[in-house]
A.B. asks: 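Input: one structure, supplied below.
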2 protein chains.
Amino acid sequence: MPSSTPASPPDRDAAALPGRQREARANDTAILVAARAVFAAQGHGAAMSDVAREAGVGVGSVYRRYPTKEALVEALHTHGVQEAARLARRVADEVAPGAVVRFVACQISTATGPLLRPTGATTPIPPDLARASDELHEALETLVAQDVRAGVVPAGLTAADVMQLLLHLRPTLPLPRAQADALHLRYLDLVDAGMRAQASAGVVLEGGPAWDEWVGTWHD
Amino acid sequence: MPSSTPASPPDRDAAALPGRQREARANDTAILVAARAVFAAQGHGAAMSDVAREAGVGVGSVYRRYPTKEALVEALHTHGVQEAARLARRVADEVAPGAVVRFVACQISTATGPLLRPTGATTPIPPDLARASDELHEALETLVAQDVRAGVVPAGLTAADVMQLLLHLRPTLPLPRAQADALHLRYLDLVDAGMRAQASAGVVLEGGPAWDEWVGTWHD
DNA sequence: ATCGGAACGGAACATCCGTTCCGATTCACT
DNA sequence: AGTGAATCGGAACGGATGTTCCGTTCCGAT
């Protein structure tokens, strides 16, 4: 019995686990991957049975991991925010002008479908998500501060503005991926030009959205 | 009997119609208005019974006008495109620099909720919509041409780009209307600055989206 | 005043989907 | 091998929602 490790959340690497639990763990990630794909393709309205089929398991197995559909969506959401936070941190570490735009561009070409939470999800924000959100927030602040100093984005730009940008540049059209990406990059160029213009004109933005508005209020 | 006028689509003004049909017509617009309000508030997932209740009629009456929910949504969509076309035409007639941004700004503060078609609506595009779309297209081209001449938007900008802009500036957050509008205007400023910068830098955009991509491919 | 039919409202129906439940299956341990 | 517990898959349940159907209401013509 694994009473030696008191880690209540079973530790990361599932490589070596008592036989049966490995399968469970494998199923777990399979479900996550499948859910991401299905929800990306069909939106959050997709049926749980579709997710189960895509993952090659029964619906029962899905519900064993995630007590409800909303929980599954939320897990996906948290995961997405964590990834975004990692990316932001990495870009911030490069310390080069244009970090904001670079982050957004990367995020666009990376993020698979909607990592957002459906409206009306009034569930209290789970700790994991809150933590990931904080990390993302901090990393974005760094990013923005760097670019403000570099003079490529106007002062007063907030981390929430960047999220807004990201939301707007999310695939919203049933277009082939490549085409959608091209559109978004074209659009991002525009915004980049705008931010640089405002920055060099000495514009100071005001009344930007607050970060707190963003946590847990996304939808698709 | 009204056999004198062969107009198969009963003419516009419903003011004077044989008694009972007036009520029908009144109900018809009531349904449209109600549907717009309900769908705007709850998204296209709202129940038909809600629309009926909001309109103060029974579900049966809704289904008499619109054989299916999709038909109702489509009617709304067509209506929205028609309004957008009218607005675009009006702005174009003013012939003043900044027409594109002005159009988008107006459209943002005007358009109530989603006037877009749900994904996967594979129904053939109805003639009304096709016509409205053509009118919108033409008006936007005029708008863009004016602004390109005025040097406030870069050459190569297409009518479809403007639609893209519009789509991005659509309310996507469950924020109070005023707040959302403020955000969008802030964002529009950015894009405006970007377009002006690109224009005066002599940038010529390429590979813009084609208009045809846009007709009938919107969703919410 | 009476009649016919157009329009109405809402109960009833069918379907879809989230969720629950349970018998079958599989693995660890003896 | 045999046993038991954990896990699995999917049928069954319940609620919500799109759609149909029909008895009722109301207006205009006779």
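Chain identifiers are assigned alphabetically (A, B, ...) following the order of the sequence lines, protein sequences preceding nucleic acid strands; residue numbering begins at 1 within each chain. Please read these numbers as outputs of a predicted model, since none were measured by experiment. These numbers come from the heavy atoms of this one structure, side chains and all, not from hydrogens, waters or symmetry mates.
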A.B. asks: Would you say A:M195 and A:V101 make side-chain contact, with heavy atoms under 4.5 Å?
C.D. replies: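 A side-chain contact exists here, since the closest heavy-atom pair is under 4.5 Å.
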A.B. asks: Pairs counted only when both distances fall under 3.5 Å, Watson-Crick or G-U: show me the 5' to 3' dot-bracket for DNA chain C, [ ] for pseudoknotted crossings and | for other-strand partners.
C.D. replies: ||||||||||||||||||||||||||||||
A.B. asks: Answer yes or no: is there a side-chain heavy-atom contact under 4.5 Å between B:H184 and B:L188?
C.D. replies: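 No; the side chains remain at least 4.5 Å from each other.
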A.B. asks: Would B:D128 and B:R131 count as a salt bridge (charged side-chain N to carboxylate O under 4.0 Å, His left out) here? Give the steps.
C.D. replies: CA-CA 5 Å; B:D128 277 0; B:R131 200 172 325 118; 3.5 Å; yes
A.B. asks: Please work out which of the three classes, parallel, tilted or perpendicular, describes the rings of A:H44 and A:F39, given edges at 30° and 60°.
C.D. replies: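 Aromatic pair A:F39/A:H44 classed perpendicular.
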A.B. asks: Using OP1 and OP2 only, check whether a side-chain N or O of A:R64 sits under 4.0 Å from D:dT7.
C.D. replies: no
A.B. asks: Give the rounded distance in Å between these two atoms: CG of A:D50 and C1' of D:dG10.
C.D. replies: 15 Å
A.B. asks: Check for a donor-acceptor pair, side chain of A:S133 on one end and backbone N or O of A:L129 on the other, with a separation under 3.5 Å.
C.D. replies: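 Flag not set: sc A:S133 to bb A:L129 has no pair under 3.5 Å.
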A.B. asks: Could you measure the distance from the CG atom of B:L32 to the CG atom of B:L72? Nearest 0.5 Å is fine.
C.D. replies: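 Atom-to-atom, B:L32:CG and B:L72:CG are 7.0 Å apart.
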A.B. asks: Spell out protein contact along nucleotides 12-21 of chain D as letters: B when the base is contacted, S when just the sugar-phosphate is, - when no protein heavy atom is under 4.0 Å; keep the 5' to 3' order.
C.D. replies: ------SBB-
A.B. asks: Below 4.0 angstrom from OP1 or OP2 of D:dC8, is there any side-chain N or O of A:R65?
C.D. replies: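 Answer is yes, contact under 4.0 Å.
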A.B. asks: Side chain of A:V57: nearest nucleotide among D:dG9, C:dG9, D:dC8?
C.D. replies: D:dG9
A.B. asks: Rounded to the Å, how far apart are A:I31 CD1 and D:dC8 P?
C.D. replies: 8 Å
A.B. asks: Nearest whole angstrom, please: distance from the P of D:dT25 to the CG of B:N27.
C.D. replies: 17 Å
A.B. asks: Does any N or O in the side chain of B:D147 come within less than 3.5 Å of the main-chain N or O of B:G98, such that one atom is a donor and the other an acceptor?
C.D. replies: yes
A.B. asks: Strictly distance-based, threshold 3.5 Å: is any side-chain N or O of B:Q107 a donor or acceptor partner for the main-chain N or O of B:L166?
C.D. replies: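 Looks like no, no N/O pair under 3.5 Å.
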